[in-house]
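Within every chain, numbering begins at 1; the chains are lettered A, B, ... in the order of the sequence lines, protein sequences first and strands thereafter.
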Number of protein chains: 2
Amino acid sequence: MSVGIRHDDLRRRNRAMVIAAVRRAGRPSRTEIAATTGLSHSTISAISSDLIGEGILAEGKPSEAGALKRGRPQVGLGLNPEAAAVMTVVLSLNFLSVAVIDYAGQVISEEQRRLDTLTMSREALIGECVAIVRRRLEDPDIDVRSVARIALAIQGITDTKARAMLWSPITPQTDIAFADILEAEFGIPATMENDCNMMAVALRWRDPERYRDDFIAILLSHGIGMGLVLKGELFTGTHSSGGEFGHMIHRPGGALCRCGRRGCVEAYAGNYAIWRNARQLSEDTEPVADVSDAQMRALAATARERAGPEREAYRKAGEALGYGLGSLFALIDPAPVAMVGVSAAAFDLIEPALREAIAQTAGGQHSESISFDAEPNELPLIREGCAMRALTFVDQEIFAPGMQTKAGPAAKKNVA
Amino acid sequence: MSVGIRHDDLRRRNRAMVIAAVRRAGRPSRTEIAATTGLSHSTISAISSDLIGEGILAEGKPSEAGALKRGRPQVGLGLNPEAAAVMTVVLSLNFLSVAVIDYAGQVISEEQRRLDTLTMSREALIGECVAIVRRRLEDPDIDVRSVARIALAIQGITDTKARAMLWSPITPQTDIAFADILEAEFGIPATMENDCNMMAVALRWRDPERYRDDFIAILLSHGIGMGLVLKGELFTGTHSSGGEFGHMIHRPGGALCRCGRRGCVEAYAGNYAIWRNARQLSEDTEPVADVSDAQMRALAATARERAGPEREAYRKAGEALGYGLGSLFALIDPAPVAMVGVSAAAFDLIEPALREAIAQTAGGQHSESISFDAEPNELPLIREGCAMRALTFVDQEIFAPGMQTKAGPAAKKNVA
DNA sequence: CAGTGTTTTTTCGAGGCTCGAAAAAATAGG
DNA sequence: CCTATTTTTTCGAGCCTCGAAAAAACACTG
């Protein structure tokens, strides 16, 4: 079970805490850090002096310009942008997007590229990823040695260890250990994350007021995905990235899903399902490979304009999502929901049936109080989530190490 | 967010760790404790010497009599039974059961009582609970002052703070803050737990090999309940005890459930549902109040004997449970399952349809590898779980105290 | 039965860490 | 220029854990 706390863990953890406080607060003063961490001023002073000496933090103006106060002005502590850099790689349908981000979170280099992910061979897919990363690393603006971490995100299922993609709708290939591949190729630690989990991470940084301890991000796109934060922690399955909300069963034996099974929520609410129903095709019809965002927007426009199969298709989607959420809420209790992706722009068409369905379920006891947010564009969210994930890794594992590196050679004395 | 680690927390946590190690291992030697906690021998020596001095631990023979080894024999450390005592109160349909348990986990006094929970008034129900607790505390064998904790368990929904029962099938009353009531009455800290969660806790102590980090306990009784352990932690909802597996939706608009809604898993797999289907009554038939265990066993016997509505009823139950588990597994990935309660004794009738259904779902990809255990008797499990819950509370909160009660009246000012 | 080997447990000094109090620093206001 | 105020640093005290060595407790051996 869990292990005792060694004496040296103490400093490590408190260092991590200080870095985290700075990352969250922007440019807090030492006093503010002391307040949020609960540690004493002396401790914060010692730790931050270390961190500045190591080039991790840098002093600057305090965050609030309201420095028109009486006493000694606060000195803001900020992350030193040059302390490190991280790289994000987002692989989505027919699209590959890479960015290099400095330690303070600013994008310093990026590249995007169209691919035909559905038909590419395994080697080609891996090759493209490796190549685009290599090009960014060779960018003269980038100091390769400063890149401390790569975070990949992909639509689909990844493993809990964040090493491999297990399955993805964007490619017929399975079980690609992207993290291991990139690590071997570039010698930079890498992780392979699930796209919806990264959306959830990003929402938490974007709006910590609303998305704090418990919330749900649902991707309404070609497939239906979910990122779930419970009790302040990203929820993952025990073996995989988990949270396959889209493949909860809505109707046993029902509509044909892209995954080959029947009755999944996605088989009613995914783009292909809405499109299939809007065209009044049978529920047994093989899901089409891709419906463009433009087509979906046109469908939504028609549905808004007049009653008909289009509107009914959105109603069915809402119903499936509502019952699915109801079942989910039976397990975890209701929580704020963010709808992300192209169909989030059609949430007005989905919401009535969704709320009606949810009211029929155990989780819907206070269905009117459940609040939904819509964000049509998932890509920026996924990128942000990846960046934060990689940066917090650097914060914790690289700048607050001490697992077993007893290697301390020269005892460092106080920095003058 | 999380708070820095103070210097005094260190000792507190390591004390708790040592106590936990002793509770898990039985009579470990100091050397064994050092090994499992990862702390040094000197530290373990210091802490255990403190704990013995405080009467929390006691020396004794080592756990393994295989002490025929060469050197200085190990000295076993055990929990001192007289260090404290706890009380468990389990309230189930028409039955109230109380036990007093010493610090080492032995029952030292108990009492059970039949009640008519379904028709009792709120006051009568509370009164019975208070009275039975009082009688146990007045037992001359018990030192009242040693009773450090009361843990109640009830079938139904409790709140996350473990203070109150929110809703229960065993009584029409709602929102009874049992924990507060008992605390006020006896001045002993109390918690109100969900029965299925306690089953899960107990399974973990009974068989840590099988039920370690991720597993599911499902109560198949009049209602369907669930206790879920994920990543080594008891899973609860964000507001309530959560994990209302029985009220996930199996068929939208389907059979009438005891909760008043339609299509819940329970409306197919609860005792009343199996009974209703076996009698070939309509799915709209109002659920009967109670089906006796004897009636259920008779039903199962008939189903085993010949094809007919009884067998079909169990098949439907299996199907509902299978699809429900499939949806659950879509979220959390498959995990070992313990089926508990009277219908667990009929699991042979349920399993085929359950496995068939689960194979139709996303979580069922490796359905044959999912393993089920059956335990027909839930009450002992619930009692054990309560006892362990109360005892670990004493371990942590009373014998390793020192929460950072920063009681600081000098809060934050600085609002220019 | 004393001596030797082995394993467990305790002791002791060293080194770190956090804390509170006090000092130092930096500014606005008068 | 002096004073009040707030932030930050300094310093000694008090704990805590650790490693090494000593002490303890037994089995085995001749």
Side-chain angles (χ1 to χ4, degrees), chain A residues 3-15 17-18 27-35 37-53 57 59 61-64 66-77 400 402 404 406 408 411-416, chain B residues 3-15 17-18 27-35 37-53 57 59 61-64 66-77 400 402 404 406 408 410 412-416:
Chain A
V3 141
I5 301 184
R6 320 286 291 280
H7 202 209
D8 18 333
D9 289 342
L10 230 169
R11 198 38 172 297
R12 190 186 85 73
R13 296 203 195 195
N14 286 341
R15 270 174 71 105
M17 202 114 260
V18 169
R27 293 196 84 80
S29 70
R30 291 168 176 80
T31 309
E32 283 165 5
I33 298 174
T37 59
L39 298 170
S40 73
H41 285 186
S42 0
T43 303
I44 299 303
S45 183
I47 293 178
S48 53
S49 150
D50 281 1
L51 292 173
I52 291 171
L57 298 186
E59 294 193 335
K61 289 268 160 279
S63 58
E64 285 308 286
L68 290 169
K69 282 182 310 184
R70 207 68 171 9
R72 175 172 175 173
Q74 303 188 346
V75 179
L77 289 177
Q404 76 277 35
K406 200 71 180 173
K412 57 175 183 189
K413 290 252 140 201
N414 6 333
V415 184
Chain B
V3 139
I5 301 184
R6 321 283 292 277
H7 202 214
D8 18 333
D9 289 343
L10 232 170
R11 196 43 175 282
R12 189 185 86 73
R13 296 203 195 194
N14 286 341
R15 271 174 72 105
M17 202 114 260
V18 170
R27 294 195 84 79
S29 70
R30 291 167 175 80
T31 308
E32 284 166 4
I33 298 174
T37 59
L39 297 170
S40 72
H41 285 185
S42 3
T43 304
I44 299 301
S45 184
I47 292 178
S48 54
S49 151
D50 281 1
L51 292 173
I52 291 171
L57 298 186
E59 293 193 338
K61 289 269 159 279
S63 58
E64 285 308 286
L68 290 170
K69 280 183 308 183
R70 207 76 186 333
R72 175 174 176 171
Q74 303 187 345
V75 180
L77 289 176
Q404 343 191 43
K406 190 79 176 173
K412 56 189 179 168
K413 16 192 170 163
N414 189 34
V415 184

Measure from the side-chain heavy atoms of B/S40 and tell me the nearest of D/dG19, D/dT8, C/dC19. D/dG19
Hey, could you give me the CZ/CG distance between B/R30 and B/L39, rounded to the nearest 0.5 Å? 14.5 Å
Starting at atom CZ of A/R12, determine the distance to atom P of C/dT18, rounded to an integer number of angstrom. 13 Å
Residue B/L10, side-chain heavy atoms: nucleotide from D/dC16, C/dA26, C/dT6 that is nearest: D/dC16
Polar contact flag, side-chain donor to acceptor under 3.5 angstrom, A/S42-A/S45: no
By nearest nucleotide on DNA chain C, pick out whichever of A/G71 and B/G71 is the more 5' one. B/G71
Under 4.0 Å from OP1 or OP2 of D/dT17: is there any side-chain N or O of B/N14 that close? yes
Atom-pair distance (CD1 on A/I47; C1' on C/dC19), nearest Å: 13 Å
Checking A/R6, A/H7, A/R13, A/R12 against A/L10 for side chain to side chain contact (heavy atoms under 4.5 Å, CB included), the one that qualifies is A/H7
Atom-to-atom span, CD1 of A/I44 to P of D/dT8 - whole angstrom: 11 Å
Over all strands shown, is B/S42 touching base, sugar-phosphate only, or nothing at heavy-atom distances under 4.0 angstrom? base
Closest to the A/H7 side chain, choosing from C/dT9, C/dG15, D/dT8: C/dG15
Between D/dC16 (P) and B/M17 (CE): distance, integer Å: 17 Å
Ignoring backbone atoms, test whether A/R70 places a side-chain nitrogen or oxygen under 4.0 Å from the OP1 or OP2 oxygen of C/dG29. no
Whole angstrom value for the distance that separates C1' of C/dT10 from CG of B/D50: 13 Å
For a quick check of understanding: with a heavy-atom distance under 4.0 Å over all strands, which category does B/T31 fall into, base, sugar-phosphate or nothing? sugar-phosphate
Ion pair A/E59/A/R27, N-O distance below 4.0 Å: no
Do the side chain of A/N14 and the main chain of A/R11 share a donor and acceptor less than 3.5 angstrom apart? no
OP1 or OP2 of C/dC19 under 4.0 Å from side-chain N/O of A/T43: yes
Nearest whole angstrom, please: distance from the P of C/dC17 to the CG of A/D8. 8 Å
How long is the line joining CD1 of A/I5 and P of C/dC17, in whole Å? 15 Å
Check the phosphate of C/dT18 against A/R11, side-chain N and O only, distance under 4.0 Å to OP1 or OP2. Yes or no? yes
Does B/R30 make a side-chain N or O approach to OP1 or OP2 of C/dT10 shorter than 4.0 Å? yes
Could you give the CD-to-P distance, from B/E59 to C/dT8, as a whole number of Å? 15 Å
Base of C/dT8, side chain of B/R72 - is there a donor-acceptor contact under 3.5 Å? yes
